[in-house]
Amino acid sequence: MLYISEFIILFFFCSVIWLWYDIISKRELAIYEGKRIASNLNLQFLDQTVHCTKISLVRTSSNWPAIKRIYLFNVSSNNDDRINCQLTIVGVKLIEWYVPPYPSNL
């Protein structure tokens with residue numbers, strides 16, 4: 001028979017595993033969306049630069065709680081520059097993105 005302390009330890013380990021999986025899957029989503037945006041703008045996506053800068057709890061339009069993550073990443077319009085860009089993901093949806101003006105290589 002399991003005791004309360006064993007339930008707490010089991011809950012803790014399950015929570016850590018869920019949190020790890022959630023962090024990894026949302027980073028993969030940010031990489032996918034960043035690649036898609038860069039491709040649409042004819043930019044080179046620098047995938048090793050994706051990192052989460054802010055995590056917060058927000059309410060969705062249907063009034064459910066969700067985790068909001070802001071990711072920063074870099075793209076390049078040529079091989080000499082780095083353009084800092086931003087993605088905002090709430091739950092599993094890309095809510096907004098920002099790519100600053102950059103010189104075009106036409």
Side-chain angles (χ1 to χ4, degrees):
M1 182 170 204
L2 292 175
Y3 295 104
I4 296 295
S5 62
E6 293 170 334
F7 278 119
I8 292 172
I9 292 170
L10 182 63
F11 176 76
F12 173 76
F13 283 121
C14 290
S15 298
V16 167
I17 290 169
W18 174 82
L19 182 63
W20 173 79
Y21 175 76
D22 189 56
I23 289 170
I24 296 299
S25 65
K26 297 311 181 286
R27 184 175 187 277
E28 291 297 320
L29 177 61
I31 289 171
Y32 170 78
E33 293 293 347
K35 283 181 182 179
R36 187 180 60 80
I37 291 166
S39 175
N40 289 343
L41 298 174
N42 295 324
L43 297 170
Q44 178 185 3
F45 181 73
L46 307 174
D47 63 347
Q48 296 302 318
T49 64
V50 176
H51 64 280
C52 185
T53 59
K54 185 176 180 183
I55 298 176
S56 59
L57 198 59
V58 296
R59 291 210 175 260
T60 62
S61 59
S62 58
N63 211 22
W64 285 95
I67 297 175
K68 175 182 175 181
R69 294 173 171 90
I70 297 177
Y71 288 90
L72 297 181
F73 64 97
N74 292 331
V75 295
S76 178
S77 62
N78 56 36
N79 289 332
D80 295 328
D81 65 345
R82 285 171 131 4
I83 301 168
N84 297 320
C85 305
Q86 179 178 316
L87 289 174
T88 302
I89 296 175
V90 175
V92 293
K93 292 173 84 177
L94 175 67
I95 299 302
E96 62 185 16
W97 55 272
Y98 173 73
V99 176
Y102 58 91
S104 142
N105 292 331
L106 296 176

S.K.: How many angstroms lie between atom CZ of Phe12 and atom CD1 of Ile9, to the nearest 0.5 angstrom?
M.R.: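 One finds 9.5 Å between CZ of Phe12 and CD1 of Ile9.
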S.K.: A side-chain contact here means heavy atoms from C-beta on lying under 4.5 Å apart; do Leu72 and Asn84 qualify?
M.R.: no
S.K.: Look up atom CH2 in Trp97 and atom CG in Leu41, then write down how far apart they are to the nearest 0.5 Å.
M.R.: 5.0 Å
S.K.: Show me the pairs that pass salt bridge (Lys or Arg N to Asp or Glu O under 4.0 Å) and involve residues 55-82, at least two apart or across chains.
M.R.: Asp22-Arg69
S.K.: Please report the shortest heavy-atom distance between Cys85 and Pro100, naming the atom on each side.
M.R.: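 In terms of heavy atoms, the two residues are closest at SG-CD, 4.2 Å.
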S.K.: If you define the side chain from C-beta out and look only at heavy atoms, does anything of Tyr32 sit under 4.5 Å from Lys35?
M.R.: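 Of all side-chain heavy-atom pairs linking Lys35 with Tyr32, none is under 4.5 Å.
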S.K.: What do the steps show when you test Val99 against Gln86 for side-chain contact (heavy atoms from CB on, under 4.5 Å), and what is the final call?
M.R.: CA-CA 7 Å; Val99 176; Gln86 179 178 316; over 6 Å; no
S.K.: Working to the nearest 0.5 Å, report the span between CD1 of Ile24 and CG of Leu29.
M.R.: 13.0 Å
S.K.: If I take atom CD1 from residue Ile70 and atom NE2 from residue His51, how far apart are they, to the nearest 0.5 angstrom?
M.R.: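 Rounded to the nearest 0.5 Å, the CD1-NE2 separation comes to 11.5 Å.
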S.K.: Does some side-chain heavy atom of Ile67 sit less than 4.5 Å from a side-chain heavy atom of Lys26?
M.R.: no
S.K.: Using the test salt bridge (Lys or Arg N to Asp or Glu O under 4.0 Å), find all partners of Arg27 that sit at least two apart in sequence or belong to another chain.
M.R.: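 Testing Arg27 for salt bridge (Lys or Arg N to Asp or Glu O under 4.0 Å), a comparison that skips the adjacent residues, returns none.
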S.K.: Calculate, to the nearest 0.5 Å, the distance between atoms CD1 and OH belonging to Ile55 and Tyr71 respectively.
M.R.: 6.5 Å
S.K.: Taking side chain as C-beta onward, heavy atoms only, is Phe45 less than 4.5 Å from Ile31?
M.R.: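 Yes - at least one pair of side-chain heavy atoms lies under 4.5 Å apart.
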S.K.: Using a 4.5 Å cut-off on heavy atoms from C-beta on, say whether the side chain of Tyr102 contacts that of Val75.
M.R.: no
S.K.: Is any side-chain heavy atom of Leu87 closer than 4.5 Å to one of Ile37?
M.R.: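 They are in contact (side-chain heavy atoms under 4.5 Å apart), so the answer is yes.
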S.K.: Under a 4.5 Å cut-off applied to non-hydrogen side-chain atoms, are Ile83 and Asn74 in contact?
M.R.: no
